[in-house]
Enquirer: 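The following block contains the structure, expressed as structure tokens.
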Number of protein chains: 2
Amino acid sequence: MAKNAVPEEERRRRRPTKQGTVLTHDLIVDTALRMLREHGAQGFTARRLGLALGADASALYRYFAGLDELTRAIADALMQRAMTGWTPGGEWRADLRDLGLRIHAAYLAHPQAAVLAASRVSGRAHEIAADEAILGVLRRAGFADPAAVRIYHVFVDQALAFAALDAASLALPADAREADEAVWDATYARLPAETHPNIAATSRLLAERMNASAYPAALDLLLSAAAAERAATEAPTQP
Amino acid sequence: MAKNAVPEEERRRRRPTKQGTVLTHDLIVDTALRMLREHGAQGFTARRLGLALGADASALYRYFAGLDELTRAIADALMQRAMTGWTPGGEWRADLRDLGLRIHAAYLAHPQAAVLAASRVSGRAHEIAADEAILGVLRRAGFADPAAVRIYHVFVDQALAFAALDAASLALPADAREADEAVWDATYARLPAETHPNIAATSRLLAERMNASAYPAALDLLLSAAAAERAATEAPTQP
DNA sequence: GACAAACGTCAACCGCGTTGGCGTAAGGGC
DNA sequence: GCCCTTACGCCAACGCGGTTGACGTTTGTC
């Protein structure tokens, strides 16, 4: 029968909502992602999500046990978005740089989910695929297994850690972010050179970097250190 | 008069609470830290904090404009714990390594608080002192200002980001952590070599590192890259 | 055409952060 | 020693959050 080809998800009974929309796991997750991107973390609540779907908030509980499970489902999609379309290019440094920036960007696109997801081991297909890819790049580049695993570990945790840190500040309510910026202007920019010579001397440079993520620079430093390590192993001599 | 030696904080009028405790900024922050450690982030609310102090939650608003400001105060208390007793030793690499490990350790000592605080700019005395110290070490080591600021930014954010990441997994409820470990055993350890050759080949090494923080390795890689950069600047020649 | 299950809706519960008004105790001026 | 100001803690309430159980309605199945 043709019905067997329909995914189980779509075989369930559907009743349209009062506004006519038909709820689905995917529709709920996609709507949640859109809300997060468009209205920020403070605009994302179960009640508002229900409103955006034209349904009562309590209808969500037919699909997810709670907000916790919903955010986990959202998080599951992040690594997928990071990895779709990626293929190894052959140059290990460029490959890792690309992967790192992809993961960072994918998480930052949805800060709320990233904050909750970054520290968990999902063990799902896309996370495993990313790990396999990173290890593969390092081992094909000639790193011995212990070094490959060590650098892999730092690489993954660095990407997730910076993603979580940057996401957390993006996920702050708008007023809290403004408060942080006001704090900076009111203190760092006004420190006298007598008591804080190093901050005062570099305050213009500090201000420039204030709102940018340190991740790209951190990633480059990691890759430089890894390259130096590999060079030392490959040609362990100085004439 | 001797009273002049008393910090202004303690000169204010004090009225004991119904249970007899006398509220102070420091007492509130310390109690908050203790609550976070003992009962987790979920158990930390303004109402419960008030209860633990023997006061009404609304009494806190005489000391902090809101939970936001209290969080900032908590963040600064952590940085104070990281910085007390530190003095520059003269060798910039050792100094930075020491500072990084101190900050990481201080935050990890209060995982729940670290999760809340790591992404915030407190703008208070101890955070500023840490920033001044780090910039000072780098500039005295001979880094030009742009490089010093870039490395400072990576250094600080990396320390806080790894602290937050590691803290988040420490802060998970025990059953969630066991679930994560079970997921690892059930998936990563059993992946066949045909589909995931790189994970399978290194699974023993991966398992060893699984529960350790990648921060010390990340810190060492950062310092290596910074040292290489400085060496290139100092002797900027190739014959 | 009737039945049972799946589904959306409604009303309510409890806890959250926060606020404004009220009582009260401490300290200074005389 | 008295009074008056003022800082402070307490109380009640508001709006909003996640979540739940009961209730009706739609839908596929026989």
Side-chain angles (χ1 to χ4, degrees), chain A residues 1-4 6 8-28 31-32 35-36 39-74 112 116 171-176 179, chain B residues 1 3-4 6 8-25 27-28 31-32 35-36 39-74 116:
Chain A
M1 292 173 67
K3 270 189 177 175
N4 287 346
V6 177
E8 190 185 350
E9 163 95 12
E10 313 215 350
R11 283 229 256 147
R12 317 224 301 222
R13 299 189 184 180
R14 301 285 144 199
R15 176 159 48 130
T17 213
K18 269 200 168 172
Q19 274 74 10
T21 56
V22 173
L23 297 184
T24 319
H25 280 88
D26 286 350
L27 177 62
I28 294 173
T31 306
M35 282 186 65
L36 283 165
H39 303 104
Q42 75 274 15
F44 176 66
T45 71
R47 287 176 137 95
R48 282 205 252 250
L49 177 56
L51 208 69
L53 288 162
D56 190 271
S58 61
L60 303 175
Y61 287 79
R62 302 266 179 216
Y63 296 86
F64 300 96
L67 259 204
D68 223 53
E69 196 184 305
L70 172 59
T71 43
R72 214 169 284 126
I74 292 171
Q112 178 85 335
L116 300 177
L172 288 175
D175 53 350
Chain B
M1 288 176 67
K3 268 190 180 177
N4 288 348
V6 177
E8 189 186 351
E9 162 95 11
E10 313 216 350
R11 281 230 256 147
R12 319 224 299 221
R13 297 188 186 180
R14 299 288 144 199
R15 176 148 60 116
T17 211
K18 270 200 167 174
Q19 274 74 10
T21 57
V22 173
L23 297 184
T24 319
H25 280 87
L27 177 63
I28 294 173
T31 306
M35 282 186 63
L36 282 165
H39 303 105
Q42 306 243 4
F44 175 67
T45 70
R47 288 175 135 95
R48 279 207 252 253
L49 177 55
L51 207 69
L53 288 162
D56 189 272
S58 61
L60 303 175
Y61 286 78
R62 303 266 180 216
Y63 296 87
F64 300 97
L67 233 53
D68 192 68
E69 198 184 305
L70 175 59
T71 303
R72 255 194 268 279
I74 290 174
L116 294 179

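Per chain, numbering begins at 1; letters A, B, ... match sequence-line order. These values consider heavy atoms only, across backbone and side chains, with no hydrogens, waters or symmetry-generated copies.
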Enquirer: To the nearest Å, give me how far apart CG (Leu53(B)) and P (dC8(D)) are.
Expert: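 Rounded to whole Å, this separation is 15 Å.
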
Enquirer: Measure the distance from CZ on Phe44(A) to C1' on dG18(D) and round it to the nearest whole Å.
Expert: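 After rounding, the gap between these two atoms is 12 Å.
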
Enquirer: Would you check if the side chain of Thr24(B) reaches a backbone N or O of Leu27(B) as a donor-acceptor pair within less than 3.5 Å?
Expert: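 Judged by distance alone, no pair lies under 3.5 Å.
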
Enquirer: Quick one: which of dT20(D), dG8(C), dG9(D) gets closest to the side chain of Tyr63(A)?
Expert: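 When the side chain of Tyr63(A) is considered, dG8(C) is the closest of dT20(D), dG8(C), dG9(D).
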
Enquirer: Go through dT18(C), dG21(D), dG18(D) for me and flag the one nearest to the Tyr61(B) side chain.
Expert: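 Among dT18(C), dG21(D), dG18(D), the one nearest the side chain of Tyr61(B) is dT18(C).
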
Enquirer: Return the OG1 to CG distance between Thr31(A) and Leu51(A), rounded to the nearest 0.5 Å.
Expert: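 Answer rounded to 0.5 Å: 12.0 Å.
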
Enquirer: What nucleotide, of dG18(D), dT9(C), dG8(C), holds the atom closest to the side chain of Arg62(A)?
Expert: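 So the side chain of Arg62(A) is nearest to dG8(C).
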
Enquirer: What contact category does Ala59(A) fall into here, base, sugar-phosphate, or nothing, at under 4.0 angstrom with non-hydrogen atoms?
Expert: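 If one applies the 4.0 Å heavy-atom cut-off, Ala59(A) turns out to touch a base.
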
Enquirer: Answer whether the closest heavy-atom distance between the side chains of Tyr63(B) and Glu69(B) falls below 4.5 Å.
Expert: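 No - every pair of side-chain heavy atoms lies 4.5 Å or more apart.
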
Enquirer: The side chain of Arg48(A) lies closest to which of these nucleotides: dG17(D), dC11(D), dG18(D)?
Expert: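 Of all the options, the side chain of Arg48(A) is nearest to dG17(D).
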
Enquirer: Could you state the atom-to-atom distance from CG of Asp56(B) to C1' of dG23(C) in whole Å?
Expert: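 Value for this atom pair: 14 Å.
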
Enquirer: Find the distance Leu27(B):CG to dC8(D):P and express it as a whole number of Å.
Expert: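 After rounding, the reported distance stands at 14 Å.
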
Enquirer: Quick check for you: to the nearest 0.5 Å, what is the distance between Arg48(A) atom CZ and Leu53(A) atom CG?
Expert: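 Output value for this atom pair is 14.0 Å.
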
Enquirer: Say you draw a straight line from CG of Leu60(A) to CG of Leu23(A); how long is it, rounded to the nearest 0.5 Å?
Expert: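 Here the rounded value is 7.5 Å.
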
Enquirer: Between dT19(D), dC10(C), dA13(D), spot the one nearest the side chain of Arg47(B), thanks.
Expert: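 Nucleotide nearest to Arg47(B)'s side chain: dA13(D).
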
Enquirer: Expressed as a whole number of angstroms, how long is the span from Leu67(B):CG to dG15(C):C1'?
Expert: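 Those two atoms, CG and C1', are 14 Å apart.
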
Enquirer: Tell me: CG of Leu60(A) to C1' of dG18(D), nearest whole Å?
Expert: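 Between C1' of dG18(D) and CG of Leu60(A): 11 Å.
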
Enquirer: Write down the distance between NE2 (His25(A)) and P (dA6(C)), rounded to a whole number of angstrom.
Expert: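 Computing the His25(A):NE2 to dA6(C):P distance gives 14 Å.
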
Enquirer: Please classify the nucleic acid contact of Thr45(A) as base, sugar-phosphate, or nothing, using heavy-atom distances under 4.0 Å.
Expert: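 Contact class for Thr45(A): sugar-phosphate only.
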
Enquirer: Starting from P on dG18(D), measure out to CG on Leu51(A) and report it in whole angstrom.
Expert: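 The distance from CG of Leu51(A) to P of dG18(D) comes to 12 Å, rounded to the nearest Å.
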
